[in-house]
Protein chains: 2
Amino acid sequence: MERELEKLLKKSRLSVTDSRVKILELFFNQQGALAHGDIEKRTGEKFDRVTVYRTLQAFLTKGIIHTIPTNDNSIRYALCKDTCEEGHHHDNHVHFVCNDCGNTTCLEEIIIPEIKLPKGYASNQVEMIVSGICRACKKG
Amino acid sequence: MERELEKLLKKSRLSVTDSRVKILELFFNQQGALAHGDIEKRTGEKFDRVTVYRTLQAFLTKGIIHTIPTNDNSIRYALCKDTCEEGHHHDNHVHFVCNDCGNTTCLEEIIIPEIKLPKGYASNQVEMIVSGICRACKKG
DNA sequence: TAATAAGATGCAACTTTGTTGCAAAATATT
DNA sequence: AATATTTTGCAACAAAGTTGCATCTTATTA
Ligand SMILES: [Mn+2]
Ligand SMILES: [Mn+2]
Ligand SMILES: [Zn+2]
Ligand SMILES: [Zn+2]
């Protein structure tokens, strides 16, 4: 595992540091997205808050993670697929936010449908966020 | 105009106050969304910051405005159509964020397409945010 | 219209979140 | 192993958001 992560970091031309490995590990051990706050909580005393900000920023610009917009002022972050690189994201999947457990999930298999914009608008990126009750919560 | 706004406030069982009228006016005089910060700037010295928070909160729960998720930690707010009420929003339109001018627009006429969720998921609400270049900026 | 009740506002104090510069520490390169 | 390059933590700060409470405003009633 550790090796895996190192490889990913190196591929992105990021030096391999404790915080980067640990935070990346968090993302791998969790399906679903993490907010900045989550990461602070889970890394506990280990790293400075500033380091978490800078680490997420680095992962973002290198195309290791992507953001998921929210309407509660707490951006979520989730792992990108291999196909994403610095400057070229290829995340076109739907995100699901559970109103019960609060988890945000990437529905990798659900592709965001095309839409026709009014004349004069040029689209660059499309986000689609569905909220409701997730599978796990529905059962429970 | 003033009358219009009063009517809307009363219909929502909100008492008619200076700040509510002025902030609601802002929304009416502007097509597109406003962030909390925008409102603070435009109302200048007039109201306390806390009042702006509480006013937006009131408008939200009464179904006068709706939120638009962002990935920069600054939720946008825009007017709802008449059909929205306390507890029952009926906003199913696409939102457009211009990367040039930064404006967020409600594309009322573009309905969010249906999607098929994986088994076990129940959808409650769907958001679709397109970013790119808006009509105004494309021309300029 | 005046008196009263209900509700909204501003202020102060505070918490949480995010930013920046810089010296010390860790990592990468030779 | 020595050096160059990056990253980290700390401190200090700025910005954003929250809460309780006294005062003022709006709505209701007589
Ligand atoms: Mn995703
Ligand atoms: Mn809208
Ligand atoms: Zn759930
Ligand atoms: Zn524009």
Side-chain angles (χ1 to χ4, degrees), chain A residues 2-3 5-26 33-62 64-65 67-77 86 102, chain B residues 2-27 33-62 64-65 67-77 86 102:
Chain A
E2 194 98 357
R3 290 287 109 179
L5 303 183
E6 277 196 28
K7 259 173 73 182
L8 175 50
L9 287 172
K10 278 178 178 152
K11 190 185 121 197
S12 307
R13 279 153 304 137
L14 285 175
S15 45
V16 178
T17 67
D18 225 43
S19 47
R20 287 176 182 164
V21 173
K22 284 282 163 22
I23 292 176
L24 200 46
E25 207 164 357
L26 274 187
L34 292 168
H36 176 97
D38 299 328
I39 296 172
E40 260 189 66
K41 271 172 219 137
R42 295 192 204 178
T43 53
E45 331 280 76
K46 280 208 208 52
F47 314 111
D48 194 81
R49 223 153 45 82
V50 178
T51 301
V52 176
Y53 282 111
R54 296 198 269 224
T55 303
L56 288 174
Q57 190 49 54
F59 288 179
L60 259 186
T61 58
K62 294 299 185 178
I64 297 176
I65 59 178
T67 57
I68 304 163
T70 63
N71 40 28
D72 70 339
N73 274 355
S74 71
I75 308 171
R76 304 301 162 86
Y77 304 87
E86 181 156 6
Chain B
E2 194 97 358
R3 290 285 109 180
E4 278 294 315
L5 304 182
E6 279 198 26
K7 259 173 74 180
L8 175 50
L9 288 173
K10 279 179 177 153
K11 189 184 121 196
S12 308
R13 278 153 306 136
L14 285 175
S15 45
V16 179
T17 68
D18 225 44
S19 48
R20 288 177 181 163
V21 172
K22 284 283 162 23
I23 292 177
L24 200 46
E25 207 163 358
L26 275 187
F27 278 105
L34 292 168
H36 175 95
D38 299 328
I39 296 172
E40 259 190 67
K41 270 171 221 135
R42 296 194 203 176
T43 53
E45 331 280 75
K46 280 207 208 54
F47 314 110
D48 194 80
R49 223 155 43 85
V50 179
T51 301
V52 177
Y53 282 111
R54 296 199 267 224
T55 303
L56 288 174
Q57 190 49 54
F59 287 178
L60 259 187
T61 58
K62 294 300 185 176
I64 296 176
I65 59 178
T67 57
I68 303 164
T70 63
N71 39 28
D72 70 339
N73 275 355
S74 70
I75 308 171
R76 304 300 162 86
Y77 304 87
E86 183 158 4

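Quick caveat, the model's predicted, so the values are computed rather than measured.
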Next on the checklist: How many whole angstroms separate atom CG of B/L56 from atom C1' of D/dT18?
Outcome noted: 15 Å
Checklist entry - Checking all strands, does B/K10 fall into the base, sugar-phosphate, or nothing category for heavy-atom contacts under 4.0 angstrom? => result nothing
Checklist entry - What integer distance in Å separates A/L9:CG from C/dA26:P? => result 18 Å
Next on the checklist: What I'd like to find out is whether the side chain of A/H36 reaches to under 4.5 Å of the side chain of A/E40, using heavy atoms alone.
Outcome noted: yes
Item to check | Minimum-distance nucleotide to A/Y53 side chain [options: D/dA27, D/dT8, C/dG18] | outcome: C/dG18
Item to check | Minimum-distance nucleotide (side-chain atoms of B/V16 versus D/dT7, D/dC10, D/dA27) | outcome: D/dA27
Checklist entry - Over how many whole Å does the gap from A/K22 atom NZ to D/dT7 atom P extend? => result 18 Å
Checklist entry - So do B/L8 and B/E4 actually touch side chain to side chain, heavy atoms under 4.5 Å? => result no
Checklist entry - Does A/T51 reach the side chain of A/T17, with side-chain heavy atoms less than 4.5 Å apart? => result no
Checklist entry - Is there a donor and acceptor pair closer than 3.5 Å between the side chain of B/R54 and the base of D/dG17? => result no
Next on the checklist: Measuring only between side-chain heavy atoms, which start at C-beta, is B/I23 closer than 4.5 Å to B/F59?
Outcome noted: yes
Checklist entry - Taking only side-chain nitrogens and oxygens of A/N73, does any of them come within less than 4.0 Å of OP1 or OP2 of D/dA16? => result no
Checklist outcome for this item: note: A/K11, atom NZ; C/dA28, atom P; distance rounded to Å ~ 18 Å
Checklist entry - In whole angstrom, what separates A/R20's CZ from C/dT27's P? => result 11 Å
Item to check | Nearest listed nucleotide, side chain of B/S19, among D/dT8, C/dT9, D/dG17 | outcome: C/dT9
Checklist entry - Which one, D/dC10, D/dG17, C/dG18, comes nearest to the side chain of A/V50? => result D/dC10
Checklist entry - Less than 3.5 Å between a donor and an acceptor, one on the side chain of A/R49 and one on the base of D/dG9, is that the case here? => result no
Checklist entry - Rounded to the Å, how far apart are B/L14 CG and D/dT25 C1'? => result 15 Å
Next on the checklist: Are the side chains of B/K10 and B/V16 in contact, using a 4.5 Å heavy-atom criterion?
Outcome noted: yes
Next on the checklist: How many whole angstroms separate atom CG of B/D48 from atom P of C/dA13?
Outcome noted: 14 Å
Checklist entry - B/T55 side chain: which of D/dT8, C/dT9, D/dT19 is closest? => result C/dT9
Next on the checklist: So if I take every side-chain heavy atom of B/T51 and compare against C/dT9, D/dT8, C/dT20, which nucleotide ends up nearest?
Outcome noted: C/dT9
Checklist entry - Are any of B/S15's side-chain N or O atoms less than 4.0 Å away from OP1 or OP2 of C/dA6? => result no
Checklist entry - Could you state the CZ-P distance from B/R13 to C/dA8, rounded to the nearest angstrom? => result 12 Å
